[in-house]
A.B. asks: 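The structure follows.
Only this structure's heavy atoms are used, side chains among them; waters, hydrogens and symmetry mates stay out. So that the names make sense, note that chain A is the first sequence line, chain B the second, and so on, each numbered from 1. In this text the structure is predicted, and so the values were computed from the model without any measurement.
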2 protein chains.
Amino acid sequence: METDKTRSDCPVSRTLDVFGDKWSLLIIRDLMFGNKCTYNDFLKSDEGIATNILASRLKGLEENGIIEKSPHPDSKAKIMYKLTTKGIDLLPIIMEIYIWSEKYFPMSAELKAIIKEAKKDKEKFAKQIAKGLKKA
Amino acid sequence: METDKTRSDCPVSRTLDVFGDKWSLLIIRDLMFGNKCTYNDFLKSDEGIATNILASRLKGLEENGIIEKSPHPDSKAKIMYKLTTKGIDLLPIIMEIYIWSEKYFPMSAELKAIIKEAKKDKEKFAKQIAKGLKKA
DNA sequence: AAATTCGCTTGCAATTTGCAAGTGCAAATA
DNA sequence: TATTTGCACTTGCAAATTGCAAGCGAATTT
């Protein structure tokens, strides 16, 4: 998952080099829907990512312009990671993963309800979430 | 990318264990849009997947019910891999990857045109492709 | 002043990858 | 009929990546 592994010029292959990896996708998901934004947030999150892997994925995502660092409002010791526009544009992909996920795995009624809502008008839902992510 | 790495019961995490990996996604993509269906098709395709990795990914995808083997009409020596319904349901995800890809990577005018068409009515496009995949 | 929190880095064993070569069966060719 | 080719893998091995625990410097809290 480091940069520039493919010599393939296939755009999809290049795209998957950027974020087509479980941990990268989970980080992106956490940023979009998990209310998580610091290194420790990601580290402590359910999935159990190892600290060095987290660091390497954050680096990769930043190098590829998907996320960026910014000062955390609470403290100078903290760093806030946030999605760039390029990263926010991944929303529809993550949404479709959730939709597939709901069809094939058990899920809380709460989450099911949100997904049901999202499916009703995907674009509207995406825009709403994107707005929230941009203003932050 | 073998089965059951996560003890996490997060459905998205479990989903990404099934196909959240560059090679798995490229195989799925090849099955959907690449007109590829045999081991050698995948092996010779642009991305340059190693033969052992290909075997392991095919195994994983089969175990997870995304693809299945079937006899090849041309020859008894050949095996035809095809997407199950569960696999075909991944179409919207792959489509969104293409759409993102088109926004951030150079791409042939031909492919751009197809994506433009797909964006006009995603559901219709998906249904069309799904129909083609099911009948085969 | 001391302890804790934060965002990492480092070391190391274990797993996974990538590459090349090989295997066993089916089918086409000589 | 004998032989070569094509197909779907498997195997061996070096190199890279992972997962885990421990450590580290700067900022913050006590």
A.B. asks: Closest to the Asn40(A) side chain: dC9(D), dT17(C), dG7(C)?
C.D. replies: dG7(C)
A.B. asks: Strictly below 4.0 Å: does Lys44(B) bring a side-chain N or O up to OP1 or OP2 of dG6(D)?
C.D. replies: no
A.B. asks: If I take atom NZ in residue Lys22(A) and atom P in nucleotide dT17(D), what distance separates them, rounded to the nearest angstrom?
C.D. replies: 19 Å
A.B. asks: Can you identify which nucleotide, out of dC8(C), dT10(D), dA8(D), has its nearest atom closest to the Thr38(B) side chain?
C.D. replies: dA8(D)
A.B. asks: Could you give the CE-to-C1' distance, from Met80(A) to dG7(C), as a whole number of Å?
C.D. replies: 15 Å
A.B. asks: Tell me whether Tyr39(B) contacts the main-chain N or O of Thr51(B) through its side chain, where contact means a donor paired with an acceptor under 3.5 Å.
C.D. replies: yes
A.B. asks: Rounded off to whole Å, could you give me the NE2-to-P distance for the His72(A) and dG7(C) pair?
C.D. replies: 8 Å
A.B. asks: Assess the residue pair Ile99(A) and Lys122(A) against the criterion (side chain to side chain contact (heavy atoms under 4.5 Å, CB included)); give the C-alpha distance rounded to whole Å, side-chain angles, the decisive distance to 0.1 Å, and a yes or no.
C.D. replies: CA-CA 11 Å; Ile99(A) 290 169; Lys122(A) 291 178 188 177; 3.8 Å; yes
A.B. asks: Check this for me: Lys112(A), atom NZ, are more than 12 non-hydrogen atoms of other residues, nucleotides or ligands nearer than 6.0 Å?
C.D. replies: yes
A.B. asks: Are the side chain of Lys86(B) and the backbone N or O of Asn64(B) linked by a donor-acceptor pair below 3.5 Å?
C.D. replies: yes
A.B. asks: Using only heavy-atom distances, determine whether the side chains of Tyr98(B) and Thr15(A) contain a donor-acceptor pair under 3.5 Å.
C.D. replies: no
A.B. asks: Rounded to the nearest Å, what distance is computed from the CG atom of residue Asp41(B) to the C1' atom of nucleotide dA8(D)?
C.D. replies: 12 Å
A.B. asks: Counting neighbours of CG on Asn35(B) that are heavy atoms of other residues, nucleotides or ligands and sit closer than 6.0 Å, is the number greater than 12?
C.D. replies: no
A.B. asks: Tell me whether Ser13(B) contacts the main-chain N or O of Glu47(A) through its side chain, where contact means a donor paired with an acceptor under 3.5 Å.
C.D. replies: no
A.B. asks: Considering only heavy atoms, which members of residues 25-32 of chain B lie under 4.0 Å from some atom of DNA chain D?
C.D. replies: none
A.B. asks: How about Thr84(A) and Ile67(A): do any of their side-chain heavy atoms sit closer than 4.5 Å?
C.D. replies: no
A.B. asks: Starting at CD of Glu47(A) and ending at C1' of dT18(D), how long is that distance when rounded to a whole Å?
C.D. replies: 17 Å
A.B. asks: From the set dC9(D), dC7(D), dG19(D), return the single nucleotide nearest to any side-chain atom of Ile53(A).
C.D. replies: dG19(D)
A.B. asks: Tell me: CZ of Phe42(B) to P of dG6(D), nearest whole Å?
C.D. replies: 20 Å
A.B. asks: Under the side chain to side chain contact (heavy atoms under 4.5 Å, CB included) rule, what do Leu58(A) and Phe42(A) come out as? Steps first, then yes or no, please.
C.D. replies: CA-CA 10 Å; Leu58(A) 288 172; Phe42(A) 302 129; 4.0 Å; yes
A.B. asks: Quick check: does any side chain N or O of Thr38(B) sit under 3.5 Å from a backbone N or O of Met80(B), one acting as donor and the other as acceptor?
C.D. replies: no
A.B. asks: Does a side-chain N or O from Trp23(B) land closer than 4.0 Å to OP1 or OP2 of dG18(C), or not?
C.D. replies: yes
A.B. asks: Between dT17(D) and Arg57(A), is there an OP1 or OP2 to side-chain N/O distance shorter than 4.0 Å?
C.D. replies: no
A.B. asks: Nearest-Å distance, CG (Leu54(B)) to C1' (dT16(C))?
C.D. replies: 16 Å
A.B. asks: Within the structure, does a side-chain N or O atom of Tyr81(B) lie under 4.0 Å from either OP1 or OP2 of dC9(D)?
C.D. replies: yes
A.B. asks: Within this structure, what is the CG-to-P distance between Leu43(A) and dG19(D), rounded to whole angstrom?
C.D. replies: 13 Å
A.B. asks: Once each nucleotide of nucleotides 21-30 of chain D is scored for protein heavy atoms under 4.0 Å, what B/S/- sequence comes out, 5' to 3'?
C.D. replies: BB----SS--
